[in-house]
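Data first, discussion second: the structure below is written as structure tokens.
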There are 2 protein chains.
Amino acid sequence: MPNNHFKKGELYSFITGKASIAIARRLQKKFNTSGLNLTIEQWSVLYHLWKEDGISQQELCNATFRDKPSITRLVDNLEKINLVKRVPSEHDRRINLIFLTKQAQKLQEETMALAENTLNEALTGVPAEKIDVCKEVLQIVYDNLK
Amino acid sequence: MPNNHFKKGELYSFITGKASIAIARRLQKKFNTSGLNLTIEQWSVLYHLWKEDGISQQELCNATFRDKPSITRLVDNLEKINLVKRVPSEHDRRINLIFLTKQAQKLQEETMALAENTLNEALTGVPAEKIDVCKEVLQIVYDNLK
DNA sequence: TTTATATAGTTGCACAAACAACTATATGCC
DNA sequence: GGCATATAGTTGTTTGTGCAACTATATAAA
């Protein structure tokens with residue numbers, strides 16, 4: 001029994017991810033008006049470094065769901081604005097370990113608060129059970145396709 | 001009662017829209033392996049023209065949730081590969097009406113089948129009720145933020 | 001009718017993503 | 001040790017996006 005539950009108009013918004021684009025844009029605006037000179041993509045890299053500092057670019061690829069060239073350039077730009085530093089691994093000279101600078105460590109609290117804020121705005125009026133179902137469905141979609 | 005239902009790890013995937021990115025990538029691959037020389041973004045413009053041909057660039061902005069420069073360039077590229085044509089409006093000379101070429105009309109059936117296909121793969125194992133809840137939540141999120 | 005303002009679209013710039021081709025290092029096998 | 005292969009990261013190219021500044025046309029107000 002196939003899942004033919006998508007009328008044409010709905011198909012489009014599922015594929016283009018209108019909701020998550022709207023969330024990302026709202027968060028970007030919050031960054032901008034807070035004077036944070038940071039793109040959402042850069043933030044998404046810092047996000048994983050705040051969870052575990054000093055991981056490799058390859059691990060950042062896996063965590064952020066991006067390919068290697070994308071991470072190379074994001075790290076390039078983060079290095080330029082002094083938020084991370086590449087440190088060659090001593091055990092494997094192919095690997096760069098990426099470390100947060102002090103300046104980046106200071107950004108965690110403020111940006112995470114803005115992110116939680118944004119999600120609360122986005123989910124206003126949505127009951128908790130439905131949020132859980134939605135998270136579950138999106139996780140299955142991701143697992144089905146990866 | 002705020003909706004603080006996002007543990008840190010989940011917050012990230014909601015903001016970055018991992019699921020819809022996965023869907024778009026899968027569809028792009030289907031286009032590529034079918035020999036369709038078409039990006040998802042270009043397809044998303046054609047999608048709305050198939051529903052209503054000859055709308056303005058501004059209307060395409062609203063429909064595709066993009067800004068004017070983005071549509072200008074997508075239409076540029078679609079014109080280059082001969083899928084659409086700009087026609088100046090006779091009533092308002094500021095406006096370009098965008099029309100599908102015969103070549104683009106032929107693409108509708110094949111690409112829409114691939115898109116439905118992709119969604120069916122993505123939603124394999126998800127019961128219909130949960131899909132409905134998910135669609136509902138994403139719509140509310142979009143409405144909350146737009 | 002002239003002037004101000006709003007709207008449609010374009011262009012320049014910086015950043016990001018996908019793909020392919022490339023370099024450098026590590027590992028496994030003979 | 002020497003060669004094949006896999007892995008980590010970089011670079012070039014094309015396409016797309018967001019923002020600001022711009023041109024051209026239309027509309028409204030004086």
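Note on naming: letters A, B, ... go to the chains in the order of the sequence lines (proteins, then strands), and numbering restarts at 1 for each one.
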Review point. Where the side chain of A/W50 meets the backbone of A/E109, is there a donor-acceptor pair that is under 3.5 Å apart?
Key: no

Review point. Does atom NZ of B/K30 have more than 12 heavy-atom neighbours from other groups under 6.0 Å away?
Key: yes

Practice item. At the 4.0 Å heavy-atom cut-off to chain B, mark where contacts on DNA chain D begin and end, going 5' to 3'. Key: D/dT15 to D/dA26

Point to revise | Expected output: side-chain A/N96 to main-chain A/P88 donor-acceptor under 3.5 Å | key: no

Practice item. For side chain to side chain donor-acceptor pair (under 3.5 Å), just list the numbers for B/E116 and B/N120, CA-CA rounded to whole Å, side-chain angles, deciding distance to a tenth of an Å, and then say yes or no. Key: CA-CA 6 Å; B/E116 282 171 34; B/N120 287 337; over 6 Å; no

**Study point:** Pairs where residues 33-49 of chain B contributes a residue and the test salt bridge (charged side-chain N to carboxylate O under 4.0 Å, His left out) is met, not counting sequence neighbours
**Key:** none

Exercise for review: Applying side chain to side chain contact (heavy atoms under 4.5 Å, CB included), name anything that partners A/I95, two or more places apart in sequence or on another chain.
Suggested key: A/S56, A/S89, A/D92, A/L97

For residues 71-84 of chain B, tabulate all N or O donor-acceptor pairs below 3.5 Å that involve a side-chain atom, not counting sequence neighbours.
| unit_1 | atom_1 | unit_2 | atom_2 | d |
| --- | --- | --- | --- | --- |
| B/T72 | OG1 | B/K68 | O | 3.1 |
| B/D76 | OD1 | B/R86 | NH1 | 3.1 |
| B/D76 | OD1 | B/R86 | NH2 | 3.0 |
| B/N77 | OD1 | B/K80 | NZ | 3.3 |
| B/E79 | OE1 | B/R86 | NH1 | 2.8 |
| B/E79 | OE2 | B/R86 | N | 3.0 |

Check your understanding: Looking at DNA chain C, which of residues 29-46 of chain B put a heavy atom within less than 4.0 Å of it?
Key -> none

**Study point:** Distance in angstrom units between A/H91 NE2 and C/dT27 C1', rounded
**Key:** 17 Å

Exercise for review: For A/K146, look at atom NZ and say whether over 12 heavy atoms of other residues, nucleotides or ligands are found less than 6.0 Å away.
Suggested key: yes

Practice item. Specify the closest pair of heavy atoms between A/F65 and B/K18, including all atoms of both residues, with the distance to one decimal. Key: CE2-O, 3.8 Å

Practice item. Examine distances only and state if a side-chain atom of A/E121 and a backbone atom of A/R26 form a donor-acceptor pair shorter than 3.5 Å. Key: no

Point to revise | Contact residues, residues 64-86 of chain B to DNA chain D [heavy atom, < 4.0 Å] | key: B/R66, B/D67, B/P69, B/S70, B/R73, B/L74, B/N77

